[in-house]
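What follows is a set of notes on a single structure, which appears directly below.
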Number of protein chains: 2
Amino acid sequence: MIETAILGLLTEGDAHGYGLHRRLIDMGFWRVSFGSVYPALRRLKAAGAVEVSETKDEKGRKQYRLTETGRAMLISQLGDMDTVDNTSGFRVRMTFLDLLSGQDRVAVLAKRAEILKDRINAARVSVAETTRSVYARSEIEHRAASMQRDVEWVESLIMQETKGTS
Amino acid sequence: MIETAILGLLTEGDAHGYGLHRRLIDMGFWRVSFGSVYPALRRLKAAGAVEVSETKDEKGRKQYRLTETGRAMLISQLGDMDTVDNTSGFRVRMTFLDLLSGQDRVAVLAKRAEILKDRINAARVSVAETTRSVYARSEIEHRAASMQRDVEWVESLIMQETKGTS
DNA sequence: AGCTACTATATCGAATCGATATGATTGAAA
DNA sequence: TTTCAATCATATCGATTCGATATAGTAGCT
């Protein structure tokens, strides 16, 4: 998932490790550490998804550039249905959703809505069983309500996407 | 954080590893694996927070029991202000918030509200800078709105807690 | 009897975290 | 003008966690 995020950011231009880390933090996806960023860049390089510029920039920093292989990997990861659960991962996906075709976008969004609905149902069962405390119950109820709004948001995006199409 | 969750569940009665894993999954805190649960139980045992019953249960399973040390550790972890960020961690905290005193509860909730407000501001900056796509913008706006409702929820809990107290 | 599903404990390699080391640059106060 | 803290930048360390898998017993069905 960190790979997806890095590849996504590199579609906006070349960057170096520290800068990518800062952007990942700023975007608030999740708390990423350098211990994830640098090994991830090494893996991406080994996989041919990114290249390091021979000529370093004016400050002597390594610049990473997205390759065509890397772009193809990104598109494939953004459309992968097996990883649509995972909250942070979905945020990354949404950020770079414009790189997918309209069809794939709708498929991803629909899958997300489905997963959220399952979780809402699980929460409903959970709240019925919970006798722990008002806090425990309140937390589950609040979370269920929050996920319900997520579903509505995702479905509104699907509507926007499909209106105008046969 | 997995330690906190396990200790919390053990306040409700003795349990074995597999059962704890199942309950953690059911509660929907986050996706926990056996590779976290069993090592965590070993650490808790080494720290004296849990005991393994000498006499296994009717099915021959290891039963873990919370010790007084463990209960004290749990209370301390639930009240620790340095770990109030982290979404999953906060859910665990809310579930077992009844174990804290009224004062500590309010302190934890207030800290959470503060952290969420900071994140909302960061999201506002982020959405102003984002030109990526409608999806990227929509995601940030939706997240900010979601966190705003989280703040309102947390503040309503603080109100309930403080009303009636001088 | 055979089979599928579930219960239960546990470990493996890879990924990730949080902290830290190192050094260079920058900017502002002493 | 030096010095001192903060930030930039790359990188690694040990510990933790993940996802997958191994192993084996039990349940219930057909």
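Quick note on labels: first sequence line is chain A, next is B, and so on, each numbered from 1. If you're wondering where the values come from, they're calculated on a predicted model, not measured in any experiment.
- Whole-Å rounding puts the A:Leu20 CG to D:dC8 C1' distance at 14 Å.
- Note: CG (A:Asp85) to C1' (D:dC18) measures 13 Å, nearest angstrom.
- Using a cutoff of 4.0 Å between basic side-chain nitrogens and carboxylate oxygens, A:Asp85 and B:Arg31 are scored as salt-bridged.
- DNA chain D is contacted by both B:Pro39 and B:Phe34; B:Pro39 maps to the nucleotide lying nearer its 5′ end (nearest heavy atom per residue).
- The nearest whole Å value for the distance from the OH atom in B:Tyr38 to the P atom in D:dT23 is 17 Å.
- Here B:Gly17 lies in heavy-atom contact (under 4.0 Å) with sugar-phosphate atoms only.
- A cation-pi arrangement is not found for B:Arg132 relative to A:Phe96, the charged atom failing to lie both closer than 6.0 Å to the ring centre and inside a 45° cone about the ring normal.
- Side-chain atoms of A:Tyr18 lie closest to D:dC8 of the nucleotides C:dT7, D:dA11, D:dC8.
- If you take CG of B:Leu41 and C1' of D:dT16, they are 15 Å apart, rounded to a whole angstrom.
- Taking the side chain of B:Arg43 as heavy atoms from C-beta on, and the options D:dT17, C:dG18, D:dT12, the nearest nucleotide is D:dT17.
- Regarding contacts with the backbone of C:dT16, every side-chain N or O of A:Trp30 stays at 4.0 angstrom or more from both OP1 and OP2.
- A salt bridge links B:Lys117 to B:Glu155: at least one charged side-chain nitrogen sits closer than 4.0 Å to a carboxylate oxygen.
- Look at CE on A:Met1: it is 10 Å from P on D:dG19, rounded to the nearest Å.
- If you take CD1 of A:Ile25 and C1' of D:dC8, they are 15 Å apart, rounded to a whole angstrom.
- Taking the six-membered ring for Trp, B:Phe34 and B:His21 have ring centres closer than 6.0 Å.
- Contact between the side-chain N/O atoms of A:Arg31 and the OP1/OP2 oxygens of C:dC17 is not found at any separation under 4.0 Å.
- When rounded to the nearest whole Å, the span between NZ of B:Lys45 and C1' of C:dA10 equals 14 Å.
- A salt bridge does not link A:Arg93 with B:Glu139: none of the charged nitrogens is closer than 4.0 Å to a carboxylate oxygen.
- Rounding to whole angstrom units, CG of residue B:Leu44 and P of D:dT16 are separated by 11 Å.
- Put simply, A:Arg42 has no side-chain N or O that comes within less than 4.0 Å of OP1 or OP2 on C:dA15.
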